[in-house]
Structures are given as structure tokens and as C-alpha cells.
Amino acid sequence: MCVVSRSRFRRVPASTTRRPATRARAGTTRAAAAATLAAIGALAAVPAVASAEQVTITSFDGTKLDADFLPAEGLKAGEKAPTVVMTHGFLFTRESTESGLLGLLGQVPAGAFRKAGYNTVTYDSRGFGRSGGEIELDSPDFEGRDASAVVSYVATRPEARLDGPGDPRVGMSGASYGGGVQWAAASRDRRIDALTPSLSWTSLVQAIGRDRRLKLGWWLPLVGGGELSGLAFGAIAPQGPELGALPPELIRLSAQAVLTGKAGPEFTEYIRARSTGEAIAKVEAPALIIQGTPDTVIGLDQSIEMRRLLRQAGTPTKVLWFCGGHGLCLTGTGGEDVVRPRVLAWMDRWLKGDAKAQVGPAFEWVADDGKLRSAADLPLKPAGEITAQGSGKLTITPLGTASGLVVAATRALNAVEAPIPAQTGTRDVVGVPTLRLRYSGTSTDVQSHLFAQIVDETRGVVVGNQVTPIPVVLDGREHTVERPLEGVAMRVTPGSRYRLQVSDGSNVYGLTTGVGAVDLKDVRIALPVGDAAGTTADPTFVNGVAGTTAAAPAATTRPRRPGTKRIRLKTLRATGVVLRGDAAKARRVRVSLVVSATTAKRLKLGSRTIATKRTTGKRAWSVRLRPTAKVATTLRRRASVTATVRVSAGTSRTAKVVVRR
């Protein structure tokens with residue numbers, strides 16, 4: 001259900017008669033840092049769009065969402081356009097979606113979409129700004145359903161292009177918290193047609209900490225600022241004062257974790273339950289995943305996991321790593337110049353159905369030399385490893401906390417180091433390095449952490465500002481631990497000089513509480529080398545998205561034929577197979593899986609068609625086909641069955657589906 005109230009004014013005074021707010025309020029007084037107060041105050045100075053139509057959307061549980069609607073620039077009376085839905089990053093409000101200042105986070109301003117021919121709806125996420133409810137950390141069960149309420153509202157607008165009753169042509173865009181909500185929404189709402197999440201996550205647990213060690217430099221301002229943002233702007237909500245923000249339970253669990261710097265089981269489970277996680281594999285909307293190489297909150301490994309999950313679903317996907325995000329870009333080539341044209345092209349391809357939109361290769365990245373490169377997919381084809389080895393003794397004291405900045409790692413003064421051998425040729429290290437430690441030691445904090453980082457000695461920086469906590473047991477006995485490090489994008493040349501450091505602390509993760517010593521008897525690191533030119537393209541991208549790829553054939557070669565999907569019978573029976581294609585114009589297309597006459601006769605199927613469905617009438621369509629339980633059981637008589645994909649109009653990107661028992 002979506003209930004909407006409208007106002008043509010940008011602000012509605014708090015004294016206006018409105019239905020009382022329903023957000024619960026804990027009577028606890030919370031404190032926050034002065035810097036956070038200044039940030040919240042700066043938000044109020046973001047200029048509003050005077051012509052915006054302010055609306056209040058009622059979500060599934062009665063929560064009021066404060067939103068703005070603006071039509072595409074130049075849209076005439078009676079004309080319709082696709083719509084882009086946006087919300088903001090954590091601490092912010094929807095006004096920030098109009099600002100170009102957040103280009104460093106990979107966010108495209110709402111105005112850029114309107115200039116490109118899209119309507120926009122920007123809204124305050126629950127618990128923030130002038131919206132009701134409590135902050136649920138982009139939970140699919142809360143913020144995900146809120147986004148669905150906004151999509152339902154879009155379907156009521158006369159300016160919105162529709163694919164069917166209640167089904168608007170709609171995409172989502174946004175960064176950080178405004179990126180994570182896109183997975184939460186699209187994993188449960190098939191009406192969403194395109195996603196461009198920047199700085200999003202699969203695991204929120206890993207985003208705010210690793211191996212139970214919290215990133216206190218980030219988490220403390222987020223908790224304090226989240227409270228202030230909700231309180232400061234909720235007081236002037238159009239529906240009446242909204243005086244909530246973070247749930248009391250999260251405040252309590254965060255306070256406990258801050259005391260030790262470690263996330264306990266209860267805190268971890270609370271955060272895990274609000275992550276979209278494996279459900280990203282349910283997303284069918286084509287997705288442009290944008291991640292920041294120097295982002296010390298959400299690592300590159302999370303985008304690699306997203307790519308894996310979407311590959312399972314057969315969803316067209318592009319990944320872009322740029323120099324920006326929650327951190328400091330020290331190598332150049334980041335922000336809007338890289339992100340904006342790709343986001344707009346992605347929307348043109350999937351919302352406007354423009355097959356000529358230049359979306360570019362399936363994977364592009366900015367390495368630590370500040371240059372943009374590309375490949376046909378992520379991960380790159382493996383091409384060996386660069387390894388290094390070292391050893392040494394390390395003292396552990398609270399002084400280790402002074403290493404680095406709150407949001408970025410810097411070279412440690414107290415560390416065991418292992419020089420990484422110089423290379424004779426140029427190599428791309430793109431992915432997740434692996435560290436292995438064999439050690440023994442003692443500490444007042446037996447269950448402790450050491451911290452690993454890669455230093456670029458030529459540039460005098462830590463690669464990507466990244467540091468990884470490594471859990472160690474300092475009980476006097478010898479132990480071995482192996483852990484993946486934060487993802488990196490390195491261009492290693494014969495002149496490059498890198499060095500591994502293992503230190504006793506990092507400001508990114510807060511206070512080192514123990515005192516002790518550790519003997520690192522064997523320290524080994526393996527850096528993954530990739531072959532960009534030899535990387536094989538994903539058929540769902542090559543056949544489904546216009547644009548050149550690193551492995552694109554020359555103009556004189558024959559075009560690629562539609563690919564083959566291979567699927568297990570138990571998967572076909574449980575969730576079906578997702579197929580995509582294009583029609584010459586918006587129309588309903590019948591899509592069928594058809595086996596040969598011989599197979600149908602031998603298995604006594606009664607019909608050559610084992611599954612069929614009509615599309616919703618979009619030019620770029622997507623359907624999920626699933627045979628009946630009886631047909632699926634019959635298919636078990638053969639080790640594998642090949643079914644041809646047939647469409648009543650247009651083209652399909654998959655020529656056949658091979659079903660394996």
C-alpha cells in the first residue's frame with residue numbers, strides 16, 4: 001500500500017495540521033562530536049530545488065517517508081519519461097542528492113538525471129531527515145520495502161512511463177547508504193529495472209569491521225551523526241515532529257562494542273540480519289556496481305562478491321572501481337569524470353532501451369598509478385602470483401593506535417616488514433591478496449589483532465589506504481593464521497617498490513588495548529596477478545549491453561551468437577532460469593523453452609514446450625521460466641537435456657539452456 005499526500009511547497013511548517021507521527025522515541029539523551037554537528041549544519045545549507053513537489057509517502061508499516069518529485073527537464077504535458085529513484089548516504093538527507101559535492105562518493109546529482117530525460121524522486125530514508133521510523137541499516141525488510149512504496153508512488157504519477165499497471169519504468173541510483181538500499185529493494189521487487197549502486201555492500205558486518213574488530217574511526221561518527229540527523233530534521237517533518245533515529249537496541253550494542261573495540265556475537269548478529277547478503281543473487285535488474293579503491297569502509301572484495309552472486313542469477317553486470325569513496329584519493333582519476341557518464345549511459349541502456357548507449361567494458365578500474373584500464377569481466381583471468389616472505393619480532397603497545405589516520409592507513413613506524421620483489425615486467429595486481437602468519441607471543445589481551453598493509457615506497461603511501469586486522473592468539477604457543485587482505489588495484493612495473501608491513505595497531509580500527517610481544521617466525525604474502533587481455537567476457541554482458549569490451553571482436557569478424565546457459569535440474573525446479581532479450585518496440589513477448597521432438601517423445605512429455613511465459617511489455621525484457629513439478633521430475637530420466645529458447649518477437653540473448661541432472 002502506498003498512501004501519498006502532496007504539497008507544492010518545498011517546506012511545510014511544523015505547525016501545519018498533520019496526522020501525529022508514529023515513530024517511537026527512547027528517552028535517552030545521546031551525545032555526539034562537534035564535527036558531526038558541523039556536518040549536520042552544513043546539510044541545512046544545501047539549497048533546495050524551488051520547483052520540487054514535496055510529497056509524503058506512507059510505507060508498508062505506516063512509516064511516513066518525506067520525498068520530492070521533479071519531472072524530466074523539458075517534459076511537456078501528456079508526455080511520459082522513465083524515473084530515477086534516489087535516497088542519500090548515512091548522516092545525510094535527500095537534499096544531498098542534488099549536490100555535486102558528493103561526486104567523490106560516486107553519486108550522480110539528481111539534476112543530471114533530469115537533464116538526461118528522467119523524472120526523479122528523492123526521499124529521506126526512514127529515521128533520517130523528515131521521514132518517520134527508526135534507522136534499520138538498509139534492511140530488506142524495512143528500507144527495502146520503503147523503496148518499493150516509493151516505486152508504487154511513481155506508478156501513480158502521470159509523468160511516469162509505465163511497463164504495466166502499477167509497474168513504472170524505474171531505476172535506482174545513489175551512494176553508500178543510498179547504494180545499499182538498492183540491493184535491499186531489488187532483491188524483493190522485480191519492478192525495478194536498473195541499478196547503479198555506489199559504495200554498497202553484501203555484508204554490513206564486514207563493512208564496519210573485520211574478524212570482530214570494529215572500524216571505530218567510522219562507526220562512532222556514524223552512530224552519533226545518525227542520531228543527530230534524525231533529531232535535527234525530524235523536528236520539522238511535514239507530518240509532525242519525528243523524533244527517532246537509531247533503535248535503542250543498536251545504541252546499546254554499539255556502546256558495548258566501543259568499550260572493547262570488538263564486535264560481540266549479539267552485535268554481529270544484529271548487523272548480519274540487516275544485510276542483503278546472498279539475496280543479491282535474486283536481483284534481476286541490470287546493475288552497474290561502483291566501488292572505491294581507497295574506500296576504507298566498504299572494500300573492493302565486496303564488489304567481487306556482488307559480481308559472483310549476479311553471475312549466478314545471469315544478471316547483466318558492469319563493475320567500475322574509481323578513486324573515491326569513504327577515504328582519501330591520493331592517486332588521482334576519481335569522482336564524477338569517471339562515474340557520471342557511465343551511470344547515465346547505464347540508465348539510457350536499461351531504462352530508455354537505447355542499444356547504442358556507450359556503457360563501455362564489463363570491468364573498468366583505476367589502479368594506484370591513477371590510470372583507467374578495462375577488461376572483459378571481473379575477476380581477471382589468473383596469471384600467477386607475486387610473493388614475498390619475511391620474519392621479525394614485534395612489540396605491542398597502545399601507541400600502535402597512532403599509526404595512520406582515522407579514515408586512512410599510513411606507513412607504520414613499528415612493524416615487521418617484508419619487501420616485495422621487483423618485477424622484470426609490468427603486471428596488474430587486481431583483487432584480494434592473501435597473508436599467512438606463523439607466530440607465537442604473549443599479551444595482556446590474549447585474543448588480539450595485528451594489522452597488515454602494503455606500502456608503495458615510490459609514492460610514499462599505503463596502497464588504497466587499506467589496512468586489514470589479522471586475529472592472533474597470544475598465549476605463548478605457536479599458531480598459524482591465514483587471511484585475505486583488503487582488495488587492491490596495483491599497476492606493478494619494474495620501477496615499482498612495494499613492502500608488506502605487519503604492525504601492532506591502526507587508527508582506522510581504534511585503540512590497541514593490549515601490551516605484549518609477538519615473534520613472527522614466517523610472514524608470507526601472495527598478490528594475485530591478472531591477465532586483462534585474456535579475460536573471457538560474460539555472455540550476458542556481451543550480448544545484452546551495447547559498448548566495446550576489452551575482448552570485443554574486430555569489426556570484420558562475425559558477431560557473437562547468443563550464448564548457452566547451463567543450469568542444474570534442482571535449481572531449475574526451485575527457482576527457474578532467468579532469460580533476457582529485446583523486442584523492436586515495447587510489446588508483450590512470449591518466451592518458451594522447447595526440447596526436440598525426439599526428447600519430448602522419449603520422455604513422454606506430451607509437449608515440446610517445457611516452460612513458457614509472457615513478458616511485461618518492455619523493449620528490454622527479463623523473465624524467469626520454471627517448468628511444472630511433473631515436468632521437472634520427468635527430466636530426471638536423462639543426465640542432461642538441451643532446450644532451445646524461442647521468442648515470439650525480437651531476440652533472446654541465450655540460444656539454449658542445458659539442464660544437467
Side-chain angles (χ1 to χ4, degrees), residues 89-90 102-108 138 172-183 195-204 206-208 210 215 218 275-277 280 283 286-311 315 317-343 346 359-368 370-375 377-380 407-408 428-433 463-466 468 484-490 528 530:
F90 209 85
L102 296 184
L104 294 176
L105 297 180
Q107 177 175 292
V108 176
D138 275 348
M172 295 187 71
S173 190
S176 191
Y177 202 65
V181 72
Q182 297 178 47
W183 302 121
L195 305 176
T196 57
S198 180
L199 314 181
S200 61
W201 58 87
T202 54
S203 170
L204 191 56
Q206 189 164 317
I208 64 176
R210 291 177 69 110
K215 298 175 183 176
W218 285 110
S275 297
T276 304
I280 289 176
V283 172
L288 166 57
I289 300 168
I290 304 163
Q291 218 74 1
T293 54
D295 193 313
T296 53
V297 177
I298 304 164
L300 298 175
D301 55 334
Q302 300 235 27
S303 64
I304 296 173
E305 176 65 3
M306 293 170 204
R307 179 68 189 98
R308 182 187 71 81
L309 292 170
L310 293 176
R311 185 181 288 109
T315 300
T317 307
K318 175 184 172 73
V319 180
L320 171 65
W321 290 356
F322 76 112
C323 190
H326 308 94
L328 304 174
C329 177
L330 302 176
T331 56
T333 311
E336 284 191 304
D337 292 344
V338 171
V339 175
R340 184 184 293 199
R342 288 156 178 81
V343 169
W346 193 260
V359 299
F363 176 45
E364 293 182 277
W365 76 96
V366 175
D368 60 348
K371 295 181 179 179
L372 183 69
R373 296 181 174 84
S374 65
D377 203 357
L378 173 71
L380 301 184
V407 299
D428 288 314
V429 174
V430 179
V432 178
V463 175
N465 306 328
Q466 302 294 342
T468 307
L485 302 185
E486 296 283 4
V488 294
M490 301 161 56

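This structure is a prediction, so every number in the text was calculated from the model and none was measured.
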Residues T196, S173; criterion side-chain hydrogen bond (donor to acceptor under 3.5 Å, both in side chains); working and verdict: CA-CA 5 Å; T196 57; S173 190; 2.9 Å; yes
Donor-acceptor check, side chain of [X] to backbone of [Y], threshold 3.5 angstrom: yes or no?
X: N465; Y: A408; result: no
X: R342; Y: V338; result: yes
X: Q466; Y: G464; result: yes
X: K318; Y: A287; result: no
X: T296; Y: G327; result: no

Considering all heavy atoms of both residues, which atom of [X] and which atom of [Y] are nearest to each other, and what is their separation?
X: F322; Y: P294; result: O-CD, 3.9 Å
X: V432; Y: P484; result: CG1-CB, 3.6 Å
X: P433; Y: E486; result: CD-O, 3.5 Å
X: R311; Y: L378; result: NH2-O, 2.8 Å
X: A375; Y: L380; result: CB-CD2, 3.4 Å

Close side-chain approach of [X] and [Y], heavy atoms under 4.5 Å:
X: D428; Y: W365; result: yes
X: L310; Y: I280; result: yes
X: H326; Y: S176; result: yes
X: D377; Y: R307; result: yes
X: Q302; Y: S203; result: yes
X: L288; Y: V343; result: yes
X: W346; Y: L320; result: no
X: I208; Y: K215; result: no

Once rounded to the nearest 0.5 Å, what's the spacing between atom [atom1] of [X] and atom [atom2] of [Y]?
X: S303; Y: F363; atom1: OG; atom2: CZ; answer: 7.5 Å
X: I289; Y: W183; atom1: CD1; atom2: CH2; answer: 4.5 Å
X: C329; Y: L104; atom1: SG; atom2: CG; answer: 8.0 Å

In terms of side-chain heavy atoms, does W201 have a donor or acceptor partner in S275 at a distance below 3.5 Å? no
Regarding S374 and E364, do their side chains bring together a donor and an acceptor under 3.5 Å, going by distance alone?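 Judged by distance alone, the side chains do not pair up.
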Among L300, D368, V488, V430, exactly one meets side chain to side chain contact (heavy atoms under 4.5 Å, CB included) together with T293. Which residue is that? L300
Please determine if R210 and D301 form a salt bridge, counting it only when a charged side-chain N lies under 4.0 Å from a carboxylate O. yes
